[in-house]
*Asks:* 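Sharing a structure below in structure tokens format, with a few things to ask.
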There are 2 protein chains.
Amino acid sequence: MNSEFTLAVHSLTYLALHPGQMATSNAISESTAVHPVRVRKVLGLLRKQGYIATKEGCGGGFILQVKPEDVGLHEIYKITSEGTLIPKCTPANPDCVVGANMKNTLTTIFGNAEKQLESFLAGYSINDVAMLVKKQPSKQISEIVSEL
Amino acid sequence: MNSEFTLAVHSLTYLALHPGQMATSNAISESTAVHPVRVRKVLGLLRKQGYIATKEGCGGGFILQVKPEDVGLHEIYKITSEGTLIPKCTPANPDCVVGANMKNTLTTIFGNAEKQLESFLAGYSINDVAMLVKKQPSKQISEIVSEL
DNA sequence: AAGAACTGAAATAAATATTATTACAGTTAC
DNA sequence: GTAACTGTAATAATATTTATTTCAGTTCTT
């Protein structure tokens, strides 16, 4: 899985857990440890698809436009990573049956594999991810520590 | 999908279509358009798992040790690519719930996705790939042309 | 109106990952 | 003994990913 998917899911989860608030690319950058320029670039994709709204200028940032439980991971996969499961298959020898046809063959097989992956990912929403993230123990511990 | 998988499947298919013959890394290199040293390296993985035999020295090369219909693509995936579906998730902010737990969460989800992918790939054998490759039209056409 | 705090986007640089190349020791056939 | 192979390590070249810099445009605040 490429890291744009991770970054998009991470960002959406962050926004889901800060409902009704504008989050700046800097804030998201601090959570993801990814450069704010890249955050803005990837979140631009989500904006174009209507998942988030952005506001420029002072007090601006990013905010969810959809209900977290309505966004399936397959939608994010499609936006950021569709096609990445399919092998690249750099040009092989066209004068060999195998070389000439391997690409088409694997593209067909993995096209179906990707469809199946997408229907698997459809079983998880951003809200599910947010809940899973909150259920994990690591933060509770560090929160307790930082509150001492 | 990483290219070691492609190279391994391509090589096994090549060997399946040249049964009982030793194929050199150079011959496979010509079909795959990949450097022979890399062919030898990847095929070394398949040898360690017993899928092929190699013979050093003059007249040596690679030869299948199993029946093509008995080798599922999931086996090759496991050897060459297991874990690649799971997002890398470079270290995020441990002081943010999301940053601290996204990696575990996605690893869990994609661990299951990968299991599902493997069972999908189990539906295809090297023999299936060989048949699909032969069924494609491109070679027939170029063969006809070169035989004129 | 001016300045501070933002996004959008392009261009460049740095870092990382992949692939090819070179080199050579060891093996086998003739 | 020599030619034709594999195995493996080290290095170089290339491609991809990620970060950085820069700046124009927008919005809020005073």
*Asks:* 5'-most contact on DNA chain D: A/A33 or B/R40, nearest heavy atom basis?
*Replies:* B/R40
*Asks:* Return no unless some side-chain N or O of A/K55 is found under 4.0 Å from OP1 or OP2 of C/dA5.
*Replies:* no
*Asks:* Say you draw a straight line from CE of B/M131 to OG1 of B/T13; how long is it, rounded to the nearest 0.5 Å?
*Replies:* 11.5 Å
*Asks:* What is the distance, rounded to the nearest whole Å, between atom NZ of B/K41 and atom P of C/dT22?
*Replies:* 16 Å
*Asks:* I want to check one thing: is the phosphate of C/dT7, taken as OP1 and OP2, less than 4.0 Å away from some side-chain N or O of A/S25?
*Replies:* yes
*Asks:* Should the pair B/H18 and B/Y14 be assigned to parallel (<30°), tilted (30 to 60°) or perpendicular (>60°) ring geometry?
*Replies:* parallel
*Asks:* Give a yes/no on whether any side-chain N or O of A/T24 is located under 4.0 angstrom from OP1 or OP2 of C/dA5.
*Replies:* no
*Asks:* To the nearest Å, give me how far apart CD (B/E56) and P (C/dC24) are.
*Replies:* 18 Å
*Asks:* Could you give the CG-to-P distance, from A/L45 to C/dT7, as a whole number of Å?
*Replies:* 16 Å
*Asks:* Using OP1 and OP2 only, check whether a side-chain N or O of A/H35 sits under 4.0 Å from D/dT20.
*Replies:* yes
*Asks:* Mind checking if A/G44 touches a base, just sugar-phosphate, or nothing, with heavy atoms under 4.0 Å?
*Replies:* nothing
*Asks:* Answer with yes or no after comparing the ring centroid distance for B/Y77 and B/F120 against a 6.0 Å cut-off, counting only values under it.
*Replies:* no
*Asks:* Examine C/dT18: is either OP1 or OP2 under 4.0 Å from a nitrogen or oxygen in the side chain of B/S3? Give yes or no.
*Replies:* no
*Asks:* Between B/S119 and B/Q116, is there a donor-acceptor pair closer than 3.5 Å when you use the side chain of the first and the backbone of the second?
*Replies:* yes
*Asks:* What is the separation between atom CG on A/L15 and atom P on C/dT7, rounded to the nearest whole Å?
*Replies:* 11 Å
*Asks:* Pick the closest DNA chain D nucleotide for A/G57 and for A/N2 by heavy atoms, then say which residue is nearer the 5' end.
*Replies:* A/N2
*Asks:* Round to a whole Å and report the spacing from CZ of A/R38 to P of C/dG8.
*Replies:* 16 Å
*Asks:* Does atom NZ of B/K88 have more than 12 heavy-atom neighbours from other groups under 6.0 Å away?
*Replies:* yes
*Asks:* Please give, in whole Å, the distance from D/dT18 C1' to A/F5 CZ?
*Replies:* 19 Å
*Asks:* Quick check for you: among D/dC28, C/dG8, D/dT6, whose closest atom lies nearest to any side-chain atom of A/F62?
*Replies:* C/dG8
*Asks:* Below the 4.0 Å mark, does D/dG7 have OP1 or OP2 next to a side-chain nitrogen or oxygen of B/R47?
*Replies:* yes
*Asks:* Could you tell me how far apart A/M22 (CE) and D/dT26 (P) are, to the nearest whole angstrom?
*Replies:* 17 Å
*Asks:* How many whole angstroms separate atom CD of A/E4 from atom C1' of D/dT17?
*Replies:* 10 Å
